Amino acid sequence: MNELRFDTKALHGKPKKKDVHNSIRYPVYAGVAFDYKTAQQMEDAFNHRKPSHTYSRITNPTVELFEQTLCLLENGFAGIALSSGMAAITNTLLALLTGKDNVIASKYLFGNTLSLLKETLKGFGVEARFVDVNDQSALESAIDENTRMIFCETITNPQMRVSDFSIVSKIAKRHDLIVVVDSSVTTPFLFDAKKHGANIVVHSTTKYISGGATSVGGAIIDLGNYDWTNNRALKKYHDLEAFAFIARLRKEVYRNFGSCMSPQAACLQTLGLETLSLRIKKSCNNAIKIAQFLENSSKIKKVNYPGLTSSEYYDLSIEQFNGLAGGIISFELAGRKEAFKFIDVLNLIRRATNINDNKSLIIHPASTIFADFSLEEKEDMEVTQGLIRLSVGIEDPRDLMEDIDRALISLT
Ligand SMILES: *Cc1c(COP(=O)(O)O)cnc(C)c1O
């Protein structure tokens with residue numbers, strides 16, 4: 001049979017995973033432990049001679065189906081599902097870095113990732129150096145002999161900047177650095193991480209993948225294209241070669257931190273994968289219409305959406321993201337007062353902090369998700385007082401535009 005296409009793989013997986021009753025919807029194995037006939041079989045399982053499920057914090061059949069399907073969609077080598085996107089990022093960094101290492105990170109990051117790198121990991125000796133990853137000379141000059149990785153997001157929010165992976169992967173190769181990309185807002189449907197030179201993809205599957213904010217979840221996919229014998233944090237696992245990173249997670253970091261995904265969440269997440277492309281296409285098609293509509297309003301100072309032909313990221317986003325530019329838009333009103341008024345007048349669009357839900361959601365980032373950062377830090381990250389982030393759902397776009405139009409008219 002030919003290699004299956006994205007939508008077919010999202011539905012059927014490969015190989016087909018069957019439950020004992022041939023249920024077409026793979027069941028939720030809500031149990032914790034698995035029974036063995038003999039002590040010998042138990043020994044074989046615990047020593048990885050005959051892989052099987054032992055305990056649901058380490059592996060679980062329902063969670064494994066989600067891991068394998070997502071890994072297939074990323075063309076990955078191996079994948080692990082976790083309790084959240086933050087767990088995926090934390091586990092990846094802790095498995096690959098020692099206390100003497102530094103990581104080059106984009107200065108435009110999800111707020112909690114930024115806080116993890118700036119505050120939490122600093123306590124463990126890991127240094128983060130923040131740069132604009134599209135600035136080749138800034139990247140080069142931040143690298144030294146203790147640099148291990150470059151970490152960035154595909155499309156940042158609320159800035160809506162697109163990372164240029166031709167630059168990131170070129171510099172990473174030159175210095176033998178691991179490229180870790182957070183592709184939560186793009187998913188494998190929009191962004192082929194392997195083709196663009198990433199080595200590890202992390203996801204907050206809470207976003208697009210969950211199928212409409214059904215559950216919190218995360219994933220790590222090893223794309224199988226980095227030589228782990230070069231990494232000192234994986235020293236104990238070097239003889240496992242290609243498996244070194246996944247083995248350190250499964251046998252140590254992920255297991256010991258206890259950051260597993262629940263089987264109930266995994267079932268919802270697998271269901272989300274089945275309709276991923278349908279929902280992303282609708283949300284991106286809505287987003288471009290709304291971005292164009294916003295761009296034509298005199299009350300809006302600036303619209304940030306990489307799918308607009310006026311965006312400096314237009315060509316890059318076409319090249320990297322399968323012709324679509326994601327479901328998130330940000331735009332600038334005169335100031336905080338106008339932003340609050342605009343948000344308060346909306347009827348249909350919900351005031352909430354999530355992104356890539358089926359429902360459209362709006363937020364004022366400076367006063368909410370970036371509230372813990374100082375004014376200077378916010379300015380440096382382009383999180384201004386007039387900035388609004390809109391995550392576009394899959395509603396009828398005419399209803400969304402009517403809601404937005406009413407809010408704009410209210411700003412006399
Ligand atoms: C939401 C988000 C995260 C964190 O994911 P959780 O599932 O909420 O832990 C990380 N990165 C990006 C880009 C996100 O949008």
Side-chain angles (χ1 to χ4, degrees), residues 63 66 70 79-94 103 105-121 128 130 133 150-163 165 179-191 193 198 200-221 254 257-262 264-266 268-269 272-273 280 283 287 304 306 320-321 325-330 352-357 361-363 365 368-370 372 381 383 389-393:
V63 178
F66 174 62
L70 183 55
I80 292 193
L82 301 96
S83 53
S84 70
M86 284 318 300
I89 295 167
T90 305
N91 274 261
T92 300
L93 297 177
L94 289 171
V103 42
S106 166
K107 61 185 274 194
Y108 308 105
L109 285 177
F110 177 67
N112 298 167
T113 309
L114 202 59
S115 156
L116 172 74
L117 286 165
K118 266 193 176 167
E119 314 290 339
T120 320
L121 289 180
F130 298 98
V133 293
I150 303 177
F151 184 101
C152 64
E153 296 170 6
T154 48
I155 308 175
T156 73
N157 85 75
Q159 306 85 5
M160 311 317 300
R161 284 172 172 267
V162 176
S163 299
F165 286 90
V179 176
V180 180
V181 55
D182 180 336
S183 180
S184 303
V185 301
T186 36
T187 83
F189 180 63
L190 294 185
F191 182 62
I200 293 172
V201 192
V202 291
H203 289 288
S204 165
T205 65
T206 313
K207 313 296 162 55
Y208 266 138
I209 290 176
S210 72
T214 62
S215 50
V216 175
I220 303 170
I221 310 293
Y254 168 86
F257 283 126
S259 31
C260 55
M261 176 179 274
S262 75
Q264 290 83 357
L268 292 168
Q269 300 276 341
L273 284 180
I280 293 186
S283 126
N304 306 304
Q320 289 188 162
F321 306 133
I328 307 170
I329 301 168
S330 70
T353 183
N354 197 12
I355 49 172
N356 300 144
D357 191 344
L361 308 176
I362 201 153
I363 199 164
T368 56
I369 47 178
F370 286 88
D372 291 344
M381 292 185 278
V383 181
R389 181 185 76 189
L390 174 63
S391 173
V392 181

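In this text the structure is predicted, and so the values were computed from the model without any measurement. Heavy-atom basis, side chains included; hydrogens, waters and symmetry copies ignored. In each ligand, atom 1 is the first atom listed, and ligand 1 is the first ligand listed.
Among protein heavy atoms, the minimum distance from atom 4 (C) of ligand 1 is reached at Phe110 CE2, 3.3 Å. In this structure, atom 12 (C) of ligand 1 lies nearest to the protein heavy atom Asp182 OD2, 3.4 Å. Ranking the protein heavy atoms by distance from atom 9 (O) of ligand 1 puts Met86 N, 2.9 Å first. Looking only at protein heavy atoms, the nearest one to atom 2 (C) of ligand 1 is Lys207 NZ, 2.4 Å.
The closest non-hydrogen atom to atom 5 (O) of ligand 1, taken over Ala88, Gly217, Ser204, comes from Ser204. Considering Thr113, Asn354, Thr206, Leu109 only, the shortest heavy-atom separation from atom 7 (O) of ligand 1 involves Thr206.
Ring-centre distance between Tyr208 and Phe189: not below the 6.0 Å cut-off.
Ser210 contributes a side-chain N or O that, together with a main-chain N or O of Lys207, makes up a donor-acceptor pair within less than 3.5 Å.
Checking Gln159 against Thr156 by side-chain atom types alone, a donor-acceptor pair falls below 3.5 Å. Of the N and O atoms on the side chains of Ser204 and Ser184, not one donor lies less than 3.5 Å from an acceptor on the other residue. A donor and an acceptor atom, one from each side chain of Ser215 and Gln269, are located under 3.5 Å apart. No side-chain donor-acceptor contact under 3.5 Å links Thr206 and Asn354.
For the pair Gly85 and ligand 1, the shortest N or O to N or O distance falls below 3.5 Å. The distance criterion of under 3.5 Å between nitrogen or oxygen atoms is not met by Ile355 with respect to ligand 1.
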